[in-house]
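Fair warning: this is a prediction, and the values are worked out from it, not measured in the lab.
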Amino acid sequence: MKKTVLSIALALAAFQASAHDHSTHDHSGHDATAADTKTYHEVQSINDVLTVENARAKATIPGVKVSAGYMKITNDTDEPIRLVEANSSIAKHTEFHRMFMRDSQMAMRKVDALEIPANGSIELKPKDYHLMFMGVKEALKPGQEIKVTLVADNGEKFDVQLTVMPMTKY
């Protein structure tokens, strides 16, 4: 059972949420869902020093209680910011994870902290660092907005809004 849950979590983390620039083409001919019209690629100014772009999460598959979240976090200070915790009311556990190749197979591991370099950024994206939502309490549906609180090692908290995107396989 544990191996099956891990396999599903890996598969979810490997699929990219529908992400493309809507400004370059017309969607009037598409069978668009509500989430396709959302501008999840908006920039969120969290405070004077942090900016978040492209904050999004994957919709859940019926019966599956895991999902993943992605975003780009930019630090505009001369000091690195170390994130040590993530929380969300939508899941029992929210953790930072990283995917990597091991013996020609994709693997995933929890990481204790993410460091956003001074005057730099870190991107949480498919097949790399990401947020892992485990024990999702209710199905995540496209277009839904969820809040995630990121906690720095100095105790400072940052709230980020993520838009739930439909699952797409590529």
Side-chain angles (χ1 to χ4, degrees), residues 1-19 40-41 43-47 49-61 64-137 140 144-165 167-170:
M1 179 69 179
K2 189 174 183 178
K3 193 172 185 174
T4 301
V5 171
L6 180 58
S7 296
I8 291 170
L10 282 169
L12 285 170
F15 291 123
Q16 182 174 14
S18 175
Y40 72 90
H41 48 294
V43 176
Q44 299 176 47
S45 294
I46 304 303
N47 57 25
V49 299
L50 282 180
T51 304
V52 171
E53 300 173 64
N54 302 331
R56 61 201 188 277
K58 292 181 181 177
T60 52
I61 298 170
V64 175
K65 300 199 177 287
V66 295
S67 183
Y70 311 107
M71 67 188 76
K72 180 180 179 182
I73 309 170
T74 301
N75 172 9
D76 291 327
T77 70
D78 294 331
E79 300 290 328
I81 295 175
R82 186 175 154 94
L83 300 175
V84 296
E85 185 178 333
N87 298 300
S88 179
S89 63
I90 60 119
K92 290 180 182 174
H93 305 284
T94 302
E95 300 176 343
F96 300 116
H97 281 210
R98 182 173 190 200
M99 295 188 72
F100 57 97
M101 294 299 291
R102 180 175 49 201
D103 300 328
S104 301
Q105 293 190 347
M106 190 64 79
M108 181 170 56
R109 176 177 296 148
K110 176 184 175 188
V111 293
D112 293 331
L114 289 177
E115 185 168 299
I116 310 165
N119 296 307
S121 62
I122 186 168
E123 187 166 1
L124 283 65
K125 59 187 179 183
K127 300 180 184 178
D128 203 336
Y129 289 107
H130 60 277
L131 287 171
M132 194 76 212
F133 303 110
M134 296 177 294
V136 174
K137 296 173 184 172
L140 299 181
Q144 181 180 351
E145 297 283 331
I146 61 173
K147 182 177 89 173
V148 174
T149 301
L150 305 174
V151 183
D153 61 356
N154 66 1
E156 192 170 2
K157 296 179 179 180
F158 313 101
D159 289 337
V160 178
Q161 296 294 321
L162 286 74
T163 300
V164 177
M165 303 303 297
M167 291 283 296
T168 53
K169 189 176 181 178
Y170 68 102

List the residues meeting side chain to side chain contact (heavy atoms under 4.5 Å, CB included) with [X], not counting sequence neighbours, and say none if there are none.
X: D159; value: K147, T149
X: E79; value: T77
X: P80; value: E115, A118

side-chain contact (heavy atoms from CB on, under 4.5 Å) between H130 and M108, intermediate numbers included
CA-CA 10 Å; H130 60 277; M108 181 170 56; 3.4 Å; yes
Name each donor-acceptor pair under 3.5 Å that joins a side chain in residues 90-103 to protein atoms two or more places apart or in another chain, with its distance.
| residue | atom | partner | partner atom | Å |
| --- | --- | --- | --- | --- |
| E95 | OE1 | H97 | NE2 | 2.8 |

Could you measure the distance from the [atom1] atom of [X] to the [atom2] atom of [Y]? Nearest 0.5 Å is fine.
X: K125; Y: N54; atom1: NZ; atom2: CG; result: 12.0 Å
X: L83; Y: I116; atom1: CG; atom2: CD1; result: 4.0 Å
X: L114; Y: L150; atom1: CG; atom2: CG; result: 8.5 Å
X: E53; Y: Q44; atom1: CD; atom2: CD; result: 10.0 Å
X: I46; Y: E156; atom1: CD1; atom2: CD; result: 11.0 Å
X: S67; Y: M134; atom1: OG; atom2: CE; result: 11.5 Å

Give a yes or no on whether D112 atom CG has more than 12 heavy-atom contacts from other residues, nucleotides or ligands under 6.0 Å away.
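Incorrect, the count does not exceed 12.
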With sequence neighbours left out, what residues match [X] under side chain to side chain donor-acceptor pair (under 3.5 Å)?
X: D78; value: N119
X: D153; value: none
X: D76; value: none

Which pair of heavy atoms, one from [X] and one from [Y], lies closest together, and at what distance?
X: M71; Y: L162; value: CE-CD1, 4.0 Å
X: A113; Y: V84; value: CB-CG1, 4.2 Å
X: P117; Y: N75; value: O-ND2, 3.3 Å
X: T60; Y: L140; value: OG1-N, 2.9 Å
X: Y129; Y: V111; value: CE2-CG1, 4.2 Å
X: F133; Y: A57; value: CE1-CB, 4.1 Å

